[in-house]
Amino acid sequence: YEREMKHLLDQVAFIKATAIPMVPTLLDYRNVAVNIENTPQKKRILLGNVATLGYYGAWLREEALERGLPLIDQAAGFTRFLWDVRRTYPEYMLALDGIHPTPAGLFVMAHTFVEAIETNRCLSRAELLVSQGKVLAAWNGGTLTETAGSSSAAVRFVFHAQGLPWVLPPEKDPKSKESATFACRRLDSGHTLGRELVRVIGLVPNTYEVRIDGQSVGRFDHTQLAQGIELQDNPKTPQYQQALTVATLNAEKTRGPMFMVGKEYERVRDSGGVADADTLPRLALQIKDYEKQIYAANQPKPDRYEIVP
């Protein structure tokens with residue numbers, strides 16, 4: 001493992017690219033221990049694998065540190081999540097067989113990856129100060145223009161974000177603790193990794209309706225708006241709906257032609273034959289078509305905001 005990993009990292013460095021080593025997800029100790037199908041001998045073997053994976057992970061952390069490389073520690077991500085959830089649900093598992101992650105486990109992996117490589121945890125921020133009939137603004141993660149309004153009337157502005165919120169595609173059972181939705185909510189991923197903040201200071205005491213492109217997304221009082229409201233998890237916003245379209249297209253690509261590519265390779269592996277001459281090119285065209293749709297749909301658009309009493 002050491003020899004081949006060093007060779008791989010050396011080759012990536014040789015082509016002037018940056019490798020991102022990833023410590024693999026853990027082999028769940030509790031799953032191994034409580035699974036009634038595991039014989040004592042099998043448990044000893046599996047628990048030995050737990051120790052081996054831990055040793056490999058420890059070596060990889062040090063190697064990444066020595067080389068000055070970023071590191072994705074999936075074992076640590078799983079451990080933190082399980083420690084939190086098992087205080088409420090002691091028998092909770094991220095991998096029902098101890099190895100292959102559930103949708104919740106896959107989301108924990110995605111969260112851990114983004115958390116490790118993305119230093120800017122705020123997707124966008126639009127802050128406005130209403131004072132003496134003027135609207136002063138500050139922002140990041142986009143461009144804010146066309147500000148207008150007063151402390152007692154409507155405040156309006158246009159914000160063009162640089163990115164879309166992190167939205168999950170529809171799931172069969174989002175209420176299940178095995179779902180990606182459960183993990184996303186438990187980790188509060190939108191808030192911790194992609195806040196969309198709108199803050200308006202100086203409004204007279206009142207309740208205000210927030211509209212984006214004419215769509216009402218909620219009512220908030222002046223104190224809530226002064227503290228800042230987060231929109232990344234609000235399904236009423238146009239940007240959320242746009243991100244949902246992108247996530248749904250990506251899920252269709254993964255569950256459709258991408259899945260069938262894997263099945264074709266499995267067939268070739270099991271039969272010892274060759275890939276069908278038509279199947280892979282046809283699936284490749286379908287994947288390319290999905291990617292074209294995804295990149296067309298994922299471009300952020302300027303949105304018109306209204307804060308109306």
Okay, side chain of [X], backbone of [Y]: is any donor-acceptor separation there less than 3.5 Å?
| X | Y | result |
| --- | --- | --- |
| Trp83 | Arg86 | no |
| Gln74 | Met109 | yes |
| Asn234 | Val217 | yes |
| Ser179 | Lys175 | no |
| Arg255 | Asn250 | no |
| Thr279 | Asp276 | no |
| Gln241 | Pro235 | yes |
| Glu171 | Thr181 | yes |
| His222 | Asn206 | yes |

Could you tell me which non-hydrogen atom of [X] sits nearest to which non-hydrogen atom of [Y], and how far apart they are?
| X | Y | result |
| --- | --- | --- |
| Ala247 | Pro169 | O-CB, 3.6 Å |
| Ala226 | Ile201 | O-CG1, 4.0 Å |
| Gly273 | Val268 | O-CG1, 3.2 Å |
| Pro24 | Leu53 | CG-CD2, 4.2 Å |
| Gly77 | Thr112 | CA-OG1, 3.7 Å |
| Arg61 | Ala75 | NH2-CB, 4.4 Å |

Does a side-chain N-to-carboxylate-O contact under 4.0 Å join [X] and [Y]?
| X | Y | answer |
| --- | --- | --- |
| Lys263 | Glu266 | yes |
| Arg67 | Asp10 | yes |
| Lys6 | Glu4 | no |
| Glu115 | Arg80 | yes |
| Arg87 | Asp84 | yes |

Is the NZ or CZ atom of Lys177 both under 6.0 Å from the centre of the six-membered ring of Tyr92 and within 45° of that ring's axis?
no
For the pair Arg267 and Glu264, evaluate salt bridge (Lys or Arg N to Asp or Glu O under 4.0 Å) and give the outcome as yes or no after the intermediate values.
CA-CA 5 Å; Arg267 185 190 67 77; Glu264 177 65 8; 2.8 Å; yes
If the test is side chain to side chain contact (heavy atoms under 4.5 Å, CB included), which one of Val167, Leu249, Leu164 qualifies with Leu244?
Val167
Give a yes or no on whether [X] atom [atom1] has more than 12 heavy-atom contacts from other residues, nucleotides or ligands under 6.0 Å away.
| X | atom1 | result |
| --- | --- | --- |
| Arg3 | CZ | no |
| Glu118 | CD | yes |
| Arg185 | CZ | no |

Among Phe113, Phe78, Trp166, which residue meets the ring-ring contact (aromatic ring centres under 6.0 Å, His included) test with Phe107?
Trp166
Can Ile212 be reached from Val158 by stepping across I, L, V, M, F, W or Y side chains whose heavy atoms are under 4.5 Å apart?
no
Taking a hydrophobic cluster as the set of Ile, Leu, Val, Met, Phe, Trp and Tyr residues connected by side-chain heavy atoms closer than 4.5 Å, whether directly or through intermediates, do Phe259 and Leu280 fall within one such cluster?
yes
Tell me which one of Gln286, Gln293, Lys292 satisfies side-chain hydrogen bond (donor to acceptor under 3.5 Å, both in side chains) with Asp289.
Gln293
Any idea how Tyr1 and Tyr56 line up, ring-wise: parallel (<30°), tilted (30 to 60°), or perpendicular (>60°)?
parallel
For residues 296-309, tabulate all N or O donor-acceptor pairs below 3.5 Å that involve a side-chain atom, not counting sequence neighbours.
| unit_1 | atom_1 | unit_2 | atom_2 | d |
| --- | --- | --- | --- | --- |
| Gln299 | NE2 | Tyr295 | O | 3.1 |
| Arg304 | NH1 | Glu146 | OE1 | 3.3 |
| Arg304 | NH2 | Glu146 | OE1 | 3.1 |
| Tyr305 | OH | Gln239 | NE2 | 3.3 |
| Glu306 | OE2 | Arg156 | NE | 3.2 |

Is it the case that His111 and Ser189 place a side-chain donor and acceptor less than 3.5 Å from each other?
yes
